[in-house]
Structures are given as structure tokens and as C-alpha cells.
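Here's the structure we're looking at; comments come further down.
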Amino acid sequence: MAVRSALPWPLRWLAGAVVLGFSAALALWAFEFGKDIAGLDQGSREQLQSLRVEHQRLTAELAALKSVAHTADSLLVAERATQEQLKEQLKLLEVDNRQLRGDLAFFEQLIPAGDDVGVAVRGLRAQRLTETQLEWQLLLMQAQRNPPEVKGELEVTVAGSLAGRPWSANVPVQAVVLRQHLRLEGRLDVPPQAVLKTVSVRLLQGGVVKATHTQRL
């Protein structure tokens with residue numbers, strides 16, 4: 001006894017063709033989908049590689065900028081140190097300049113007049129350093145060429161008033177030996193209430209006054 005299909009053979013061929021066509025369409029779709037997935041993966045890799053390259057570039061630029069910043073900081077520190085040194089040098093130069101101006105003014109007073117003969121007192125100056133101390137300085141000169149040696153004693157007297165009365169004080173007598181010129185200076189203790197008015201100098205040789213000079217304060 002034989003079993004036969006209820007469908008006629010043309011319909012079976014048609015059904016088989018439909019199944020084959022569907023299978024082919026499904027296979028084509030799977031193939032295209034696989035290519036899309038492969039393409040997306042490739043694009044992601046390329047983008048990742050591009051991002052890595054960009055990161056490396058930015059890292060290198062950041063390192064270069066840090067190096068420049070460190071160099072700039074070092075230069076700034078060096079420049080500040082140089083400026084401080086220049087300021088200190090400027091202060092020293094200003095002090096030296098003031099001293100030179102003072103010395104110039106002092107020595108300008110020392111230029112002897114054309115008619116000076118013998119020993120002369122030049123550049124006598126006195127100033128109060130504190131309330132209780134006076135500083136003085138002077139220059140003894142012989143204007144002529146090859147003058148004889150002078151050995152004598154120098155007396156310095158400061159005069160003024162104290163408590164409304166006349167007051168004076170003497171610097172201890174100094175022995176001096178003068179050939180051409182001799183610079184002398186010293187300090188004298190004075191009462192804080194004393195009003196100083198004049199400072200006088202006398203050079204004596206054997207009891208004879210060789211030079212004298214008085215300067216108002």
C-alpha cells in the first residue's frame with residue numbers, strides 16, 4: 001500500500017522554490033549584516049587609533065608647555081635676583097656718591113689762596129653726631145713747595161652756652177708733625193643741654209701760634 005502526498009507536484013515545486021528563495025534572502029541579509037558589523041568594528045578601531053595619536057600629540061604639547069613654563073619661572077627668579085643685586089649696588093653707589101660729594105666739598109675748601117704763607121687750617125668742620133658727642137675734622141697745609149717740617153701741638157676748643165651761661169670744652173692736645181699736609185679728626189663728649197656755637201683750632205710751635213682758625217656751628 002503506497003502513501004502519496006495530497007499536494008500535486010506543481011505546488012510542491014512552487015513551495016520548494018519559495019523556501020529556497022527565503023533561505024537565500026536570509027543568507028544574503030546575514031552576509032550584509034556581517035559586513036556592516038565588520039565595517040563598524042573597523043571604523044571603531046580607526047577612530048580609537050586616531051584618538052591615541054591625538055592623545056600622544058597633546059601629551060607632547062603639554063610636556064613642551066611645562067618645560068617652557070619651568071624655564072620662564074627660572075628666568076623670572078634669576079631676573080628678580082639680578083634686580084635685587086642691582087638695587088643693592090645702586091644703594092652702595094648712592095652712598096659712595098654722597099661720600100664723594102662730601103669729600104669734594106671738603107677738599108674744595110682746602111685749596112689755598114695765592115697769598116697763603118706758612119701753615120694754614122683748611123676745611124674745619126664739626127657736627128653733632130648725638131646729643132652727647134661732637135665730631136670734628138680739619139686739614140693742616142703748607143702751601144709752598146718743599147716747606148720745612150713743623151712740629152707742634154694742636155688745640156681744639158668748642159664753645160657755646162650751657163644753662164644760659166658761657167661754656168667751652170677742649171679736645172686733649174695733640175702732638176703733630178706737618179710737612180705738606182696733615183688731616184686730623186676726632187670726637188668730643190659734650191653735655192646734651194649744651195648749645196654749641198663755635199669750634200676753634202690753634203697750632204702752636206714752641207709756644208708760638210703758627211696757625212689758628214674759628215668756625216661757627
Side-chain angles (χ1 to χ4, degrees), residues 78-217:
E79 183 179 358
R80 288 176 178 173
T82 302
Q83 289 180 352
E84 292 299 326
Q85 292 178 356
L86 290 175
K87 288 180 180 179
E88 293 299 325
Q89 292 177 1
L90 181 60
K91 290 180 181 179
L92 293 177
L93 289 175
E94 289 176 348
V95 172
D96 292 341
N97 190 28
R98 286 195 296 269
Q99 292 178 348
L100 288 174
R101 286 201 303 266
D103 291 342
L104 179 60
F106 176 77
F107 282 104
E108 282 178 347
Q109 301 177 32
L110 308 182
I111 300 175
D115 57 352
D116 279 350
V117 178
V119 182
V121 179
R122 296 289 179 182
L124 175 59
R125 292 195 304 179
Q127 60 180 351
R128 207 162 188 166
L129 295 179
T130 64
E131 291 184 352
T132 59
Q133 197 170 61
L134 180 77
E135 181 183 59
W136 60 270
Q137 59 180 324
L138 59 89
L139 187 71
L140 297 176
M141 296 184 64
Q142 296 196 86
Q144 66 270 31
R145 294 183 179 180
N146 300 319
E149 184 177 75
V150 174
K151 295 182 179 180
E153 296 178 338
L154 183 72
E155 296 179 352
V156 179
T157 303
V158 178
S161 62
L162 179 63
R165 296 181 178 181
W167 170 89
S168 64
N170 296 320
V171 176
V173 176
Q174 297 186 40
V176 297
V177 178
L178 172 64
R179 170 68 71 175
Q180 191 75 55
H181 56 81
L182 178 64
R183 184 170 183 173
L184 299 168
E185 60 183 11
R187 295 182 180 182
L188 175 66
D189 293 330
V190 297
Q193 297 84 9
V195 178
L196 309 181
K197 296 181 179 180
T198 61
V199 56
S200 301
V201 176
R202 292 201 311 168
L203 178 63
L204 294 89
Q205 185 179 30
V208 177
V209 177
K210 301 292 291 183
T212 182
H213 185 71
T214 298
Q215 181 73 36
R216 294 188 63 84
L217 300 178

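Because the structure is a prediction, the values reported are computed rather than measured.
Applying the 6.0 Å contact sphere to CD of Glu131 captures no more than 12 heavy atoms from other residues, nucleotides or ligands. Within 6.0 Å of atom NE2 in His181, 12 or fewer heavy atoms from other residues, nucleotides or ligands are found, so the atom counts as exposed in its surroundings.
If you take CG on Leu86 and NZ on Lys91, they are separated by 12.5 Å, rounding to the nearest 0.5 Å. With rounding to the nearest 0.5 angstrom, the CD atom of Glu155 is 9.5 Å from the CG atom of Leu203. A distance of 9.5 Å separates CG of Leu139 from CZ of Arg122, quoted to the nearest 0.5 Å. Rounded to the nearest 0.5 Å, atoms CZ (Arg187) and CD (Glu135) are 5.0 Å apart. Separation of atoms CD (Glu79) and OG1 (Thr82) is listed at 7.5 Å; rounding is to 0.5 Å. The NZ atom of Lys210 sits 12.5 Å away from atom CG of Leu140, with the distance rounded to the nearest 0.5 Å.
Here the shortest heavy-atom pairing between Glu153 and Val176 reads N-CG2, 4.4 Å. The heavy-atom pair separating Leu154 from Val201 by the smallest distance is CD1-CG1, 3.3 Å.
Using a 4.5 Å cut-off on side-chain heavy atoms (C-beta onward), Val190 and Arg128 make contact. Within the 4.5 Å cutoff, the side chain of Trp167 has no heavy atoms near those of the Val195 side chain. Side-chain contact between Val199 and Val158 is present, with at least one heavy-atom pair separated by less than 4.5 Å. Using a 4.5 Å cut-off on side-chain heavy atoms (C-beta onward), Thr198 and Gln215 make no contact. With a 4.5 Å cut-off on side-chain heavy atoms, Val119 and Gln142 count as touching.
The side chain to side chain donor-acceptor pair (under 3.5 Å) check on Thr157 picks up Asn170, with sequence neighbours excluded.
There is a side-chain donor-acceptor pair under 3.5 Å between Arg183 and Gln137.
Considering Leu188, Leu162, Leu134 as possible partners of Leu196, the one that fulfils the side chain to side chain contact (heavy atoms under 4.5 Å, CB included) test is Leu134.
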